[in-house]
Amino acid sequence: MSQIWSQFYPPKPTLTEKNLLDQSGKVFIVTGGYAGVGAEMVKILYEKNAVVYIAGRNASKADIAIKKILSTVPKSTGRLEFLQLDLDDFTQIKPAAEKFLAQEKRLDVLWNNAGVMNPPEGSKNKQGFEQQLATNCMSAWMFASLLRPLLVSTAQISPRGSVRVTFTGSLMAELGAPKGGVNLEDPNFTQGGGKSQLYGQSKAGNILIASEFAKRVKDDGIIVLSLNPGNLKSELQRYAGKVANTFNKILLHDPIYGAYTELFAGLSPNITIADSGKYVIPWGRFADLKKDLEASIKTKAEGGTGVAADFWVWIEDQTRQYISKVGIRFEAPRYLTATISPEAAAILRAYPKIPFASFLAPFLTTPSRVPGIRAQFQKAEDVVEEDLIARYKLQLSTIEITGVPVLVIKPPVNEYEGKIMLNVHGGGFVMGTARERNALHMASEMGITVYSIEFTLAPEAKYPVARDQCLNVYRQLAHEFNAPKDILAMSSSAGGQILLSALLMAQKENLPMPAGVLLYTPASDISGAGDSAVSNTSRDLLPTPFLLELVKQNYQGDVDSKDPFFSPIYGEFKQGFPPTIITTGIRDLMPSNSIRLYWKLRDIGTKVELFIGEGMVHGFTWEETLPEAIKVRKEVIKVLKELV
């Protein structure tokens with residue numbers, strides 16, 4: 001009771017505009033930043049030279065607030081922006097997040113300050129959810145989740161713990177919420193419930209969301225806190241009656257004090273990563289939660305009820321269809337081990353990962369989305385590839401072999417005149433080009449001319465078009481270059497399926513085999529079988545369901561996924577199959593495929609090498625400066641040199 005009473009009459013604030021340091025170079029978002037606590041926050045931040053986005057649905061109110069702040073703080077070097085954000089409509093979270101992500105390269109603190117309190121009975125958001133639950137909890141969760149990738153990337157270049165997210169609670173989370181914080185059996189209170197319970201639930205819900213969010217980003221160096229800004233005069237009381245407003249005048253404080261609470265949570269240098277997930281009360285201090293909320297935050301294994309985790313999952317389930325319309329947004333992988341290089345850890349943190357990818361796979365992998373995915377991927381790759389070509393001093397030209405474009409990549413010094421490396425590039429069958437990184441590395445590091453096939457991508461061409469194009473090219477080159485003596489063959493990822501299938505067909509035709517085969521993380525089984533397809537689905541760059549859907553909708557056609565030529569692991573490899581090098585990584589979806597292929601080739605007497613990268617994800621060898629990739633590529637080239 002003393003803690004509750006102290007929130008009505010708190011001690012003096014410890015962080016105000018008087019002792020807040022300069023915030024130049026930082027970018028902040030304050031939802032509801034044009035009124036009450038939010039407006040006070042924005043003014044203080046702008047006065048300290050920050051870039052501040054006022055996120056809300058009322059552009060005219062924002063315009064008035066911005067003009068007022070600009071007139072009262074004329075010397076700031078910061079910037080004020082309005083961001084259209086309607087938390088009452090799930091479909092409007094997407095445009096707001098995407099607009100911000102398109103405009104800014106960093107986000108230092110997100111204050112989820114906006115909310116609604118005690119609207120008219122029966123009020124619902126645009127999607128039919130109880131309005132306070134939807135606005136205060138669900139939309140705030142969606143907005144923060146969509147901005148999470150930028151928060152993570154900002155944290156990587158900022159002091160640890162300086163990047164933060166706050167969710168707004170209330171004293172009513174302790175006084176008015178149902179037991180445990182939220183009513184998971186009936187979150188919308190369709191069976192009835194008092195006004196105070198509805199509002200209290202939405203505020204307790206934010207405390208639970210903050211605790212779960214904190215667990216998910218702690219390893220990224222991001223702090224997430226929930227807070228009670230205080231008992232304040234604000235627009236939240238717009239639905240209160242005359243009697244309530246009379247008492248409000250006695251009990252409520254000016255909004256500036258709520259801003260001090262939020263300043264403490266977002267910017268206090270005394271808060272560390274160890275504090276992430278905690279609850280802040282007026283005017284900037286930590287407090288214990290009541291016992292039922294503490295139990296909700298703990299998992300059942302920790303002796304709690306697990307309500308917070310269940311509430312998080314419930315929100316995910318209810319908002320998936322709206323998240324899916326955002327397109328591809330990313331979050332960084334977690335659970336990095338201590339047995340990999342610092343460079344690998346940094347790369348793994350920066351690697352993109354699609355949130356809700358398993359659920360969203362059918363929506364994100366449709367043929368209509370492929371051009372956008374392909375363009376986004378290649379735009380990034382073009383920069384890297386052109387840099388490698390220039391630094392490696394490679395000469396590129398395009399020829400046609402049996403009507404198929406082939407990119408010829410020549411090193412500045414050719415150590416293997418008259419010999420070539422035939423390459424089939426990766427890219428999930430739907431993207432990538434013949435000048436992929438692995439082909440460029442090979443030409444430079446081994447000093448051999450690479451013939452890289454520009455096969456027709458899916459969905460424009462389904463299986464077996466790419467396989468047959470590569471087989472035709474190989475057939476012609478085998479004749480021209482005196483296979484097996486003068487030809488090596490290599491592939492990456494999906495290219496492994498194409499190359500292995502083509503070589504199985506070549507064996508069937510009794511064509512001469514290449515001198516050796518290199519398979520970088522090969523997709524030898526497209527059926528989804530294998531232990532690692534299950535155990536690594538959340539640890540690799542993309543989950544198994546996403547890749548299977550991508551293949552099914554764009555490449556597979558009518559063929560069975562275990563057809564011996566479609567999934568070569570089920571094919572009949574004959575004696576005389578060339579010496580083979582296989583690479584994979586511990587986090588790769590496909591080490592099971594690679595290990596099974598290794599033993600299958602050994603069983604027929606093929607000389608085969610298997611290189612496994614500790615802690616490595618799919619396709620890791622294309623990273624030029626990654627120590628683990630460099631080591632594997634060097635060992636690969638040693639073996640290849642013995643073969644030619």
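Predicted model only: the values in this text are computed from it and were never measured. Scope of the values below: all heavy atoms of this structure, side chains included, with no hydrogens, waters or symmetry mates. Heads up: numbering here begins at 1 and tracks the sequence.
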Notebook entry, point to check: Any sub-3.5 Å donor-acceptor pair from Ser532's side-chain atoms to Ser592's backbone N or O?
Noted result: yes
Notebook entry, point to check: Would you say the side-chain atoms of Asp525 pair up with the backbone N or O of Ser567, donor to acceptor, closer than 3.5 Å?
Noted result: no
Notebook entry, point to check: More than 12 heavy atoms of other residues, nucleotides or ligands under 6.0 Å from CD of Glu400: is that the case?
Noted result: yes
Item checked: Considering all heavy atoms, the nearest Leu477-Leu422 contact -> CD1-CD1, 3.7 Å
Next item on the list: Indicate yes or no: at least one non-hydrogen side-chain atom of Leu503 is less than 4.5 angstrom from one of Pro514.
Entry: yes
Notebook entry, point to check: Could you give the distance from CD1 (Ile401) to OH (Tyr451), rounded to the nearest 0.5 Å?
Noted result: 6.5 Å
Notebook entry, point to check: Quick one: does Asn554's side chain have a donor or acceptor within less than 3.5 Å of a partner on Thr365's backbone?
Noted result: yes
Margin query: Can you tell me how far apart CZ (Phe455) and CZ (Phe429) are? Round to the nearest 0.5 Å.
Written below: 8.0 Å
Check: In terms of heavy-atom contacts, does CD of Gln84 have more than 12 from other residues, nucleotides or ligands at under 6.0 Å?
Finding: yes
Checklist line | Polar side-chain atom of Arg596 near backbone of Ile569 as donor-acceptor pair, under 3.5 Å | finding: no
Notebook entry, point to check: Are Asp382 and Lys379 ion-paired here, with the side-chain N under 4.0 Å from a carboxylate O?
Noted result: no
Notebook entry, point to check: Counting N and O atoms only, with roles assigned by atom type, does the side chain of Asn423 sit under 3.5 Å from a partner on the main chain of Ala489, one being a donor and the other an acceptor?
Noted result: no
Item checked: Heavy-atom check, side chain of Tyr520 versus side chain of Ile582, under 4.5 Å -> no
Notebook entry, point to check: Considering residues, nucleotides and ligands other than Lys419, do more than 12 of their heavy atoms fall under 6.0 Å from its NZ?
Noted result: yes
Next item on the list: Decide yes or no for Gln553 and Pro367: does some side-chain heavy atom of the first lie under 4.5 Å from some side-chain heavy atom of the second?
Entry: yes
Note to self: On a heavy-atom basis, which atom in Asp486 and which in Gly418 lie closest, and how many Å separate them?
What the structure shows: CB-O, 3.5 Å
Next item on the list: Please name the pair of heavy atoms, one in Gly615 and one in Ile340, separated by the smallest distance, quoted to 0.1 Å.
Entry: CA-CG2, 3.8 Å
Margin query: Is any side-chain heavy atom of Leu640 closer than 4.5 Å to one of Met442?
Written below: yes
Notebook entry, point to check: So, do Leu499 and Leu519 sit near enough that their side-chain heavy atoms are less than 4.5 Å apart?
Noted result: yes
Notebook entry, point to check: Looking at Lys638 and Glu609, does any basic side-chain N land under 4.0 Å from a carboxylate oxygen?
Noted result: no
Item checked: Backbone of Lys485 reached by a side-chain donor or acceptor of Asn482 within 3.5 Å -> no
Check: Restricting to pairs with a member in residues 506-518, which pass side-chain hydrogen bond (donor to acceptor under 3.5 Å, both in side chains), not counting sequence neighbours?
Finding: Arg475-Glu509
Next item on the list: Mind listing the closest non-hydrogen atom pair of Leu87 and Ala140 along with its distance?
Entry: CD2-N, 4.4 Å
Check: Are any of the side-chain nitrogens in Lys215 or Glu212 under 4.0 Å away from the carboxylate oxygens of its partner?
Finding: yes
Checklist line | Heavy-atom side-chain proximity of Phe573 to Leu597 below 4.5 angstrom | finding: yes
Notebook entry, point to check: Counting only N and O atoms by type, is there a donor-acceptor contact under 3.5 Å from the side chain of Ser501 to the main-chain atoms of Ile498?
Noted result: no
Item checked: Cationic tip of Arg633 above Trp622 ring, under 6.0 Å, 45° of axis -> no
Item checked: Approximate separation, where rounding is to 0.5 Å, of Leu541 CG and Leu547 CG -> 9.0 Å
Next item on the list: Report the distance from atom CG of Leu471 to atom CG of Leu511, rounding to the nearest 0.5 Å.
Entry: 6.5 Å
Notebook entry, point to check: How about Glu415: does its CD atom have over 12 heavy atoms from other parts shown lying under 6.0 Å from it?
Noted result: yes
Item checked: Heavy-atom closest pair, residues Tyr570 and Ser527 -> OH-OG, 3.4 Å
Check: Taking Thr606 for the side chain and Pro578 for the main chain, is one N or O donor matched with an acceptor at less than 3.5 Å?
Finding: no
Check: Does Ser493 reach the main-chain N or O of Gly427 with its side chain, forming a donor-acceptor pair under 3.5 Å?
Finding: no
Item checked: Exam field: side chain Gln469 to backbone Thr456, donor-acceptor pair closer than 3.5 Å -> yes
Checklist line | Lys607 atom NZ, neighbour heavy-atom count above 12 within 6.0 Å | finding: no
Next item on the list: Take Arg587 and Asp540 through the test salt bridge (Lys or Arg N to Asp or Glu O under 4.0 Å) and record every step on the way to the result.
Entry: CA-CA 5 Å; Arg587 293 172 181 266; Asp540 201 0; over 6 Å; no
Item checked: Smallest separation among heavy atoms of Ser561 and Ile526, with atom names -> CB-O, 4.1 Å
Check: Between Phe90, Phe311, Trp312, Phe213, which is the residue that forms a ring pair (Phe, Tyr, Trp, His ring centres under 6.0 Å) with Trp141?
Finding: Trp312
Checklist line | Pairwise distance CD1(Ile448) to NZ(Lys410) - rounded to 0.5 angstrom | finding: 13.0 Å
Check: Under 6.0 Å from the NZ atom of Lys124, do we count more than 12 heavy atoms belonging to anything else shown?
Finding: yes
Notebook entry, point to check: Any ion pair linking Lys634 and Glu445 (charged N to carboxylate O, less than 4.0 Å)?
Noted result: no
Next item on the list: May I ask you to test the Asp89-Tyr322 pair for a side-chain heavy-atom distance under 4.5 Å?
Entry: no
Item checked: Beyond-backbone contact of Met616 with Leu626, side-chain heavy atoms, under 4.5 angstrom -> yes
Check: Can a salt bridge be assigned to the pair Glu381 and Arg435 using a cut-off of 4.0 Å between side-chain N and carboxylate O?
Finding: no
Margin query: Taking the six-membered ring for Trp, are Phe611 and Tyr598 closer than 6.0 Å centroid to centroid?
Written below: no
